[in-house]
Amino acid sequence: MAEPQPPAPSCAPPSSSPAQLARAEQILLSLRHTRRELHLGVREARALAVEVVKWLERGLGEADLRQALLAERPEGGVRSAVGFLRYRLAQKCPEPPQTPPTPPAPPITAPVAEPPPVRELITCDGYGDEHLFRPLGDETSCPECRRATAYENWLQDTDTHHFPEGTPWRERFATVRAAEGLPPGSLV
């Protein structure tokens, strides 16, 4: 039984870019890795790339395109890779997606929210020289003083020992052992 004559490929759609054509060509050339009988030359792939772009523009992904081209081979095998792929591309091409006309968007009339009022500068209750800061909420200390207070509280809660700068490590160990009630020669 003879295969019907494939329709002649149409011209490239005006919207196909060189990047789309290159992608389509790569897809066609990659088919040889799945089916050896679909081995195309570069010129042949370029000639068929226009048809592949139509499929991609209609929303089909590369995997779906490969599935459509590779599924259901003829019983006698493929005699001409170019003829087989041209026929498949023309006959199985999906319909363009039907998009309902979108109604015009109503103009945006959302009220413009006013920025929050800028708070007044207040004097910080923290340590050090008197300085001003702008609070975000109801805090009375600037962020730097709050961090310093939090660090001091953490040091007290974790029983961390303060050593003057330059204290040798042996004296530090002896102080920690004594504070924790360990005998002088034991390992910590």
Side-chain angles (χ1 to χ4, degrees), residues 12-31 33-34 45-46 49-50 52-69 93-188:
S15 64
S16 57
S17 68
Q20 285 178 320
L21 289 170
R23 180 176 164 215
E25 188 177 324
Q26 288 174 346
I27 293 169
L28 288 169
L29 290 173
S30 71
L31 294 176
H33 300 298
T34 307
R46 281 191 186 137
V50 173
V52 173
V53 168
K54 288 180 186 178
W55 284 58
L56 296 174
E57 287 177 344
R58 292 180 182 184
L60 241 64
E62 292 181 22
D64 295 330
L65 175 63
R66 281 191 183 94
Q67 177 64 28
L69 294 177
C93 189
E95 294 296 320
Q98 298 294 327
T99 56
T102 56
I108 299 174
T109 59
V112 177
E114 292 185 27
V118 178
R119 295 183 178 245
E120 295 295 321
L121 292 173
I122 63 169
T123 306
C124 177
D125 292 355
Y127 306 107
D129 296 333
E130 184 175 314
H131 55 279
L132 299 174
F133 78 102
R134 191 175 311 276
L136 297 175
D138 58 350
E139 62 267 13
T140 58
S141 300
C142 70
E144 290 180 20
C145 292
R146 285 196 312 264
R147 269 193 297 276
T149 304
Y151 181 71
E152 287 176 14
N153 292 339
W154 175 78
L155 286 176
Q156 291 173 1
D157 292 344
T158 57
D159 294 331
T160 305
H161 303 280
H162 290 285
F163 298 105
E165 198 170 319
T167 305
W169 67 271
R170 290 179 189 202
E171 288 181 29
R172 292 180 186 187
F173 273 99
T175 305
V176 171
R177 278 192 190 121
E180 304 213 359
L182 299 172
S186 68
L187 296 174
V188 178

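Shown here are the side chain to side chain donor-acceptor pair (under 3.5 Å) partners of Asp125, two or more places apart in sequence or in another chain: Thr140. Not counting sequence neighbours, the partners of Ser30 by the side chain to side chain donor-acceptor pair (under 3.5 Å) test are Arg66. The side chain to side chain donor-acceptor pair (under 3.5 Å) check on Arg23 picks up Glu62, with sequence neighbours excluded. Residues meeting the side chain to side chain contact (heavy atoms under 4.5 Å, CB included) test with Leu136, sequence neighbours left out: Glu139. Not counting sequence neighbours, Gln26 has no partner by the side chain to side chain contact (heavy atoms under 4.5 Å, CB included) test. Taking Arg119 as the reference, nothing meets the side chain to side chain donor-acceptor pair (under 3.5 Å) condition, with sequence neighbours excluded.
Between Ile27 and Leu56 there is a side-chain heavy-atom pair separated by less than 4.5 Å. At a threshold of 4.5 Å between non-hydrogen side-chain atoms, the residues Cys145 and His131 count as touching. Between Phe133 and Ile122 the shortest side-chain heavy-atom distance falls below 4.5 Å.
Under a cut-off of 6.0 angstrom, the local environment of CZ in Arg170 is sparse, with at most 12 non-hydrogen atoms contributed by other residues, nucleotides or ligands.
Contact record, Ser141 with Cys124: CA-SG, 3.7 Å, taken as the closest heavy-atom pair.
Each of Val50, Val53, Val52 was checked for a side chain to side chain contact (heavy atoms under 4.5 Å, CB included) with Gln20, and the lone residue meeting it is Val53.
For the atom pair CG of Leu21 and CZ of Arg46, the computed distance is 10.0 Å after rounding to the nearest 0.5 Å.
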